[in-house]
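Worksheet: one structure, shown below.
Computed from heavy atoms alone, side chains included, the values below leave out hydrogens, waters and symmetry copies. Counting convention: from 1, in listed order, for ligands and their atoms alike. This is a predicted model, so every value here is computed, not measured.
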Amino acid sequence: MTELITSNEKQTAQAAKSIATQIAAGSFIALYGDLGAGKTAFTRGLADGLDIKEQITSPTFTLLKTYDSGVMPLYHFDMYRINSNEELDGIGFFDYAQSDGLCVVEWAERVKEDLPTDRFDIYIGYTENEDERTIKIIPRGVCEEAKL
Ligand code: ADP
Ligand code: MG
């Protein structure tokens, strides 16, 4: 497990950017953390690290946004409003999870049973200081062998 502390949004994005430049194609990142913790900010940093040129906006209402302009496709999910396993299947979640792109999932706790066993769990938490966040990175399955 790796734990970092960031002091502002830029540092969170920078940490994510660094991860994106090291991560294997086809990886899966599950993001956990309350509203406003920084899951979307983290995803922006990932996109930056993949050289994605498009602006990253939260897929809260669409559940999924895909970005193809970078070194690998980015599939950005937000599970806040997911209601059923059928819906998850319907947006192609299980196919994207097995693809060669990078999947990143906000509100991963809402689909816990459906996450792939090989993944990075990343917990973003608040501290007593307003702009400070803790970022815990826990590799699961074969990802335990990855050096991030
Ligand atoms: P989430 O997707 O988890 O709901 P967002 O990324 O949309 O959260 O928003 C995070 C908010 O917290 C932004 O307004 C951002 O500026 C602010 N913020 C303050 N400090 C940090 C930090 N250290 N890391 C990330 N975001 C931070
Ligand atoms: Mg968000």
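- The shortest separation from a heavy atom of A37 to ligand 1 is under 4.0 Å, placing the residue in contact.
- The part of T12 lying near ligand 1 is the side chain, judged by heavy-atom distances below 4.0 Å.
- Put simply, the side chain of N8 gets close to the backbone of Q11: a donor and an acceptor are under 3.5 Å apart.
- Nearest protein heavy-atom contact of atom 13 (C) of ligand 1 is E9 OE1, 3.9 Å.
- Listed by chain and number, the protein N, O or S atoms at a distance under 2.8 Å from the Mg ion (ligand 2) are T40 OG1, E106 OE1.
- Under the 4.5 Å side-chain criterion, counting only non-hydrogen atoms from C-beta, R110 is not in contact with R81.
- Here is the list of ligand 1 atoms found below 4.0 Å of a heavy atom in A41: 6 (O).
- Remark: ligand 1 atoms within the under-4.0 Å shell around heavy atoms of D34 are 3 (O).
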Let me have the donor-acceptor pairs involving side chains of residues 67-75, under 3.5 Å, with sequence neighbours excluded, atom names and distances please.
residue: Y67; atom: OH; partner: T57; partner atom: N; Å: 3.4
residue: S69; atom: OG; partner: K53; partner atom: N; Å: 3.0
residue: S69; atom: OG; partner: E54; partner atom: OE1; Å: 2.3

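- Within ligand 1, counting atoms from 1 as listed, the ones closer than 4.0 Å to a heavy atom of K39 are 1 (P), 2 (O), 3 (O), 4 (O), 6 (O), 8 (O).
- Atoms of ligand 1 found under 4.0 Å from any heavy atom of E106 (numbered from 1 in listed order, with element): 2 (O).
- The side chain to side chain donor-acceptor pair (under 3.5 Å) contacts involving residues 129-141 comprise D121-R140, T127-E132, N129-E132, where partners must be two or more places apart or lie in separate chains.
- The closest side-chain heavy-atom distance from I29 to I23 is below 4.5 Å.
- Within a 6.0 Å sphere centred on OH of Y80, other residues, nucleotides and ligands contribute 12 heavy atoms or fewer.
- Here is the list of ligand 1 atoms found below 4.0 Å of a heavy atom in N8: 21 (C), 22 (C), 23 (N), 24 (N).
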Please set out all donor-acceptor pairs under 3.5 angstrom arising from side-chain atoms of residues 85-95, sequence neighbours excluded.
residue: N85; atom: ND2; partner: D114; partner atom: OD1; Å: 3.0
residue: N85; atom: ND2; partner: D114; partner atom: OD2; Å: 3.2
residue: E87; atom: OE1; partner: N83; partner atom: N; Å: 2.8

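- Linking Ile, Leu, Val, Met, Phe, Trp and Tyr whenever their side-chain heavy atoms come within less than 4.5 Å puts V104 and I56 in one cluster.
- Every atom of ligand 1 is numbered from 1 in the order shown, and the set under 4.0 Å from a heavy atom of L35 is 4 (O).
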Practice task
Assess whether side chain to side chain contact (heavy atoms under 4.5 Å, CB included) is satisfied between D78 and W107, documenting all intermediate values.
Solution key: CA-CA 6 Å; D78 186 321; W107 295 104; 3.2 Å; yes

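- Considering backbone and side-chain N/O of E130, none are found under 3.5 Å from N/O of ligand 1.
- Among all protein heavy atoms, the one lying closest to atom 4 (O) of ligand 1 is G36 N, 2.8 Å.
- Going from atom OH of Y123 over to atom CG of L31 covers 11.0 Å, rounded to the nearest 0.5 Å.
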Exercise for the section: Run the numbers on S18 and Q22 for side-chain hydrogen bond (donor to acceptor under 3.5 Å, both in side chains), then give the verdict. Expected result: CA-CA 7 Å; S18 155; Q22 298 169 69; 3.2 Å; yes

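- There is a path of hydrophobic side-chain contacts, each under 4.5 Å, that joins L102 to F120.
- Of the protein's non-hydrogen atoms, the one nearest atom 20 (N) of ligand 1 is D131 O, 3.2 Å.
- Linking ILVMFWY side-chain heavy atoms closer than 4.5 Å, directly or via other members, places I138 and V111 in a single hydrophobic cluster.
- Nearest protein heavy-atom neighbour of atom 27 (C) of ligand 1: R133 NH2, 3.7 Å.
- Judged by distance alone, the side chain of K39 and the main-chain N or O of I124 form no donor-acceptor pair under 3.5 Å.
- Checked by distance only, ligand 1 and E132 stay at 3.5 Å or farther apart across all their nitrogen or oxygen atoms.
- Closest to atom 5 (P) of ligand 1, if we only count protein heavy atoms, is G38 CA, 3.9 Å.
- With respect to atom 7 (O) of ligand 1, the closest heavy atom belonging to the protein is T40 CB, 3.7 Å.
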